[in-house]
> 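Dumping the structure here so I can ask a few things about it.
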Amino acid sequence: VIAKTVTLDSSKVINVTPRYARMKSNSNNKEVIGWENIELVSDRPFEKMMEEFKRLKDEYPDRVLIASIMEEYNKDAWEELIGRCEECGVDIFEINFSCPH
């Protein structure tokens with residue numbers, strides 16, 4: 001399971017529209033070659049995400065749980081985010097350093 005990017009304070013998240021855009025080929029403007037996703041961070045409360053991580057690991061202990069995480073430039077916040085995710089059973093982290101933009 002790979003979870004959407006989580007952060008300690010989801011109230012900072014501002015959803016934008018459109019969230020997805022087609023990436024078209026330079027040689028053929030009608031050919032779609034990929035999708036751009038600009039919905040970067042979950043706006044769901046952190047505590048809710050932690051409950052769901054724990055439930056997933058309890059129900060599927062043999063499965064790998066990957067959390068994408070993001071935080072501001074603050075070492076203490078990063079350490080708290082990682083520690084709390086590990087307490088819920090997260091096995092692997094995808095660390096998003098490029099946001100917020």
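Bear in mind the structure is a predicted one, so any value in this text is a computation, not a measurement. All values below come from the heavy atoms of this structure, side chains included, with hydrogens, waters and symmetry mates left out.
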> Would you find more than 12 non-hydrogen atoms of other residues, nucleotides or ligands less than 6.0 Å from R44 atom CZ?
yes
> Any side-chain heavy atom of E79 within less than 4.5 Å of one from E71?
no
> What I'd like to find out is whether the side chain of N96 reaches to under 4.5 Å of the side chain of T7, using heavy atoms alone.
no
> Find out whether D76 and E80 are in side-chain contact, i.e. whether some heavy atom of one side chain is under 4.5 Å from a heavy atom of the other.
no
> Find the distance between CD (E51) and SG (C88) and round it off to the nearest 0.5 Å.
9.0 Å
> Answer yes or no: does atom CG of D58 have more than 12 heavy-atom neighbours from other residues, nucleotides or ligands under 6.0 Å?
yes
> Heavy atoms only: give me the nearest M70-T5 pair and the separation to one decimal.
CB-CG2, 3.5 Å
> To the closest 0.5 Å, what do you measure between CG (L8) and CZ (R84)?
7.0 Å
> Rounded to the nearest 0.5 Å, what separates atom CD in E87 from atom CD1 in I82?
12.5 Å
> State, with a plain yes or no, whether a side-chain heavy atom of L65 is found less than 4.5 Å away from one of Y60.
no
> Does the W78 side chain pair with the main chain of E72, one donor and one acceptor, at a distance under 3.5 Å?
yes
> Please report the interatomic distance CD(E31) to CG(N26), rounded to the nearest 0.5 Å.
10.5 Å
> Would you call K57 and D91 a side-chain contact if the rule is heavy atoms closer than 4.5 Å?
yes
